[in-house]
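Report on the following structure.
Note that the numbering runs from 1 along the sequence shown for the chain. Every heavy atom of this structure was used, including side-chain atoms; hydrogens, water molecules and symmetry mates were not.
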Amino acid sequence: MTDPVTTRAARSEDIPAATRTITSAFEADPVWGWALEGAQPAAVAAWWSIVLASGAQRYSWLRVTDSCESVALWIPPDGTELTKEEEEALEPIIASLGNARAELFPEILRRFEVSHPRHEAHFYLSLWGTHPDEQGGGFGGALIRDNLAEIDRLHRPAYLESTNDANLERYERLGFERYGSFTLPAEGPTVTTMWRPAR
């Protein structure tokens, strides 16, 4: 019998481990793997670290399993992914990616932004990933179920962008419905947007 998976809000000391998990989880992602293909590893890690730290410090909605095997970053209703200062801090990091698609990043991020629904305040699942070495161990499922249970207690809807079609049915089993889609520039991959009504 395996021990139950425990989940919790991340602490500041979790950011390095959470960054390693997200960096590894998205290496082969159809969208982020494409966008970051050939990028400098240090720049990629710095990118994810700023995003994760922002959510952890401002909202306490960076959620992790006990040893950061799985990581989920939620932006609460009416929150923002990054402050203006953090967006400015990302600009030199994007420039230092050094890969063929770095110049597409402003347009990539713009397409994510304009496709984001604004009709109702909601929790936004900005990132969710499990370290490849821990996949299949129940960490990701336990984390997301705990997070959604908390959101349900608040009677709030939730929104996400699925960057991997292989996950669509999994999200649907969690109560998300397909909302729309958008395609990234330079004939890039397609992202599916999903909405989960309040419960």
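With sequence neighbours excluded, the residues satisfying ring-ring contact (aromatic ring centres under 6.0 Å, His included) with Trp47 are Phe105. Here Glu150 pairs with Arg63 under the salt bridge (Lys or Arg N to Asp or Glu O under 4.0 Å) rule; sequence neighbours left out. For the side-chain hydrogen bond (donor to acceptor under 3.5 Å, both in side chains) test, no residue two or more places apart in sequence or in another chain qualifies with Gln135.
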What verdict does the side-chain contact (heavy atoms from CB on, under 4.5 Å) test give for Ile144 and Trp128, after you've listed the backbone C-alpha separation in whole Å, the side-chain angles of each residue and the deciding distance to 0.1 Å? CA-CA 8 Å; Ile144 205 72; Trp128 175 33; 3.5 Å; yes

With side-chain contact (heavy atoms from CB on, under 4.5 Å) as the test, would you mind laying out the steps for Thr130 and Thr21 before giving the verdict? CA-CA 6 Å; Thr130 301; Thr21 289; 5.6 Å; no

Where do Thr192 and Phe182 land on the side-chain contact (heavy atoms from CB on, under 4.5 Å) test, with the steps shown first? CA-CA 7 Å; Thr192 300; Phe182 60 94; over 6 Å; no

Decide yes or no on side-chain contact (heavy atoms from CB on, under 4.5 Å) for Arg8 and Asp14, but give the supporting numbers first. CA-CA 11 Å; Arg8 57 181 174 81; Asp14 293 314; 2.7 Å; yes

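Side-chain N or O atoms of Asp146 include none that pairs as donor or acceptor with a backbone N or O of Leu143 at under 3.5 Å. No donor-acceptor distance shorter than 3.5 angstrom exists from the side chain of Ser49 to the backbone of Ala45, with no hydrogens or angles considered. For the pair His155 (side chain) and Arg199 (backbone), a donor-acceptor distance under 3.5 Å is present. With Ser54 contributing its side chain and Glu81 its backbone, the two residues share a donor-acceptor pair below 3.5 Å. Judged by distance alone, the side chain of Ser96 and the main-chain N or O of Ile93 form a donor-acceptor pair under 3.5 Å. Checked by atom type and distance alone, the side chain of Ser24 never pairs as donor or acceptor with a backbone atom of Pro132 at under 3.5 Å. Side-chain atoms of Glu91 do not come within 3.5 Å of backbone N or O of Ala89 as any donor-acceptor pair.
Ion pairing between Asp152 and Arg145 fails under the 4.0 Å rule for side-chain N and carboxylate O. Using a cutoff of 4.0 Å between basic side-chain nitrogens and carboxylate oxygens, Glu113 and Arg118 are scored as salt-bridged. Electrostatic pairing of Arg101 and Glu37 counts as a salt bridge here, judged by a charged N lying under 4.0 Å from a carboxylate O.
Nearest heavy-atom pair, Ala121 versus Pro77, reported as atom, atom and distance to 0.1 Å: CB-CB, 3.9 Å. Taking every heavy atom of both residues into account, Trp34 and Ala186 meet most closely at CZ2-O, 4.4 Å. Contact record, Met194 with Ser162: SD-CB, 4.3 Å, taken as the closest heavy-atom pair. Heavy-atom minimum distance, Pro117 versus His122: O-CE1, 3.2 Å. The two residues Arg196 and Gly175 make their nearest non-hydrogen contact at CG-O, 3.4 Å. Contact between Asn99 and Gly38 at its shortest, heavy atoms only, is CB-C, 3.6 Å.
With Lys84 as reference, Glu88 is the one residue of Glu86, Glu87, Glu88 to meet the side-chain hydrogen bond (donor to acceptor under 3.5 Å, both in side chains) rule.
Arg111 and Thr183 share no donor-acceptor pair across their side chains, judged by distance under 3.5 Å alone. For the residue pair Asp29 and Thr163, a side-chain donor N or O sits within less than 3.5 Å of a side-chain acceptor on the partner. With no hydrogens or angles considered, no side-chain donor-acceptor pair links Ser70 and Thr65 at under 3.5 Å. Side-chain atoms of Thr193 and Glu161 include no donor-acceptor pair closer than 3.5 Å.
At a threshold of 4.5 Å between side-chain heavy atoms, the hydrophobic network of Ile, Leu, Val, Met, Phe, Trp and Tyr places Val44 and Leu109 in one connected group. Using a 4.5 Å cut-off between side-chain heavy atoms of Ile, Leu, Val, Met, Phe, Trp and Tyr, with links allowed through other members, Val64 and Phe139 fall into different hydrophobic clusters. In this structure, Val5 is not a member of the same hydrophobic cluster as Leu62, with clusters built from ILVMFWY side-chain heavy atoms closer than 4.5 Å. Under the 4.5 Å side-chain heavy-atom criterion for ILVMFWY residues, a single connected hydrophobic cluster contains both Leu82 and Ile22. At a threshold of 4.5 Å between side-chain heavy atoms, the hydrophobic network of Ile, Leu, Val, Met, Phe, Trp and Tyr places Val71 and Leu36 in one connected group.
In this structure, the ring of Phe112 has its center less than 6.0 angstrom from the ring center of Trp32. Between Trp48 and Phe26, the distance separating the two ring centers is shorter than 6.0 angstrom.
Residue-environment remark: CD (Glu13) exceeds the threshold of 12 foreign heavy atoms within 6.0 Å. Annotation: Asp133, atom CG; neighbour count of heavy atoms from other residues, nucleotides and ligands within 6.0 Å is above 12. Shown here is Glu107, whose CD atom has more than 12 heavy atoms of other residues, nucleotides or ligands within 6.0 Å.
The aromatic rings of Phe176 and Tyr171 sit perpendicular to each other, their planes meeting at more than 60°, with 30° as the lower class boundary. The aromatic rings of Tyr159 and His116 sit tilted relative to each other, their planes meeting at an angle between 30° and 60°. In this pair, Trp195 and His119 present their aromatic rings tilted. The plane angle is within the 30 to 60° band.
A heavy-atom distance below 4.5 Å is found between the side chains of Leu184 and Val31. Leu160 is not listed as a side-chain neighbour of Trp74, based on a closest heavy-atom distance of 4.5 Å or more.
Note that OG of Ser126 and CG of Leu73 are 4.5 Å apart. Values are rounded to the nearest 0.5 Å.
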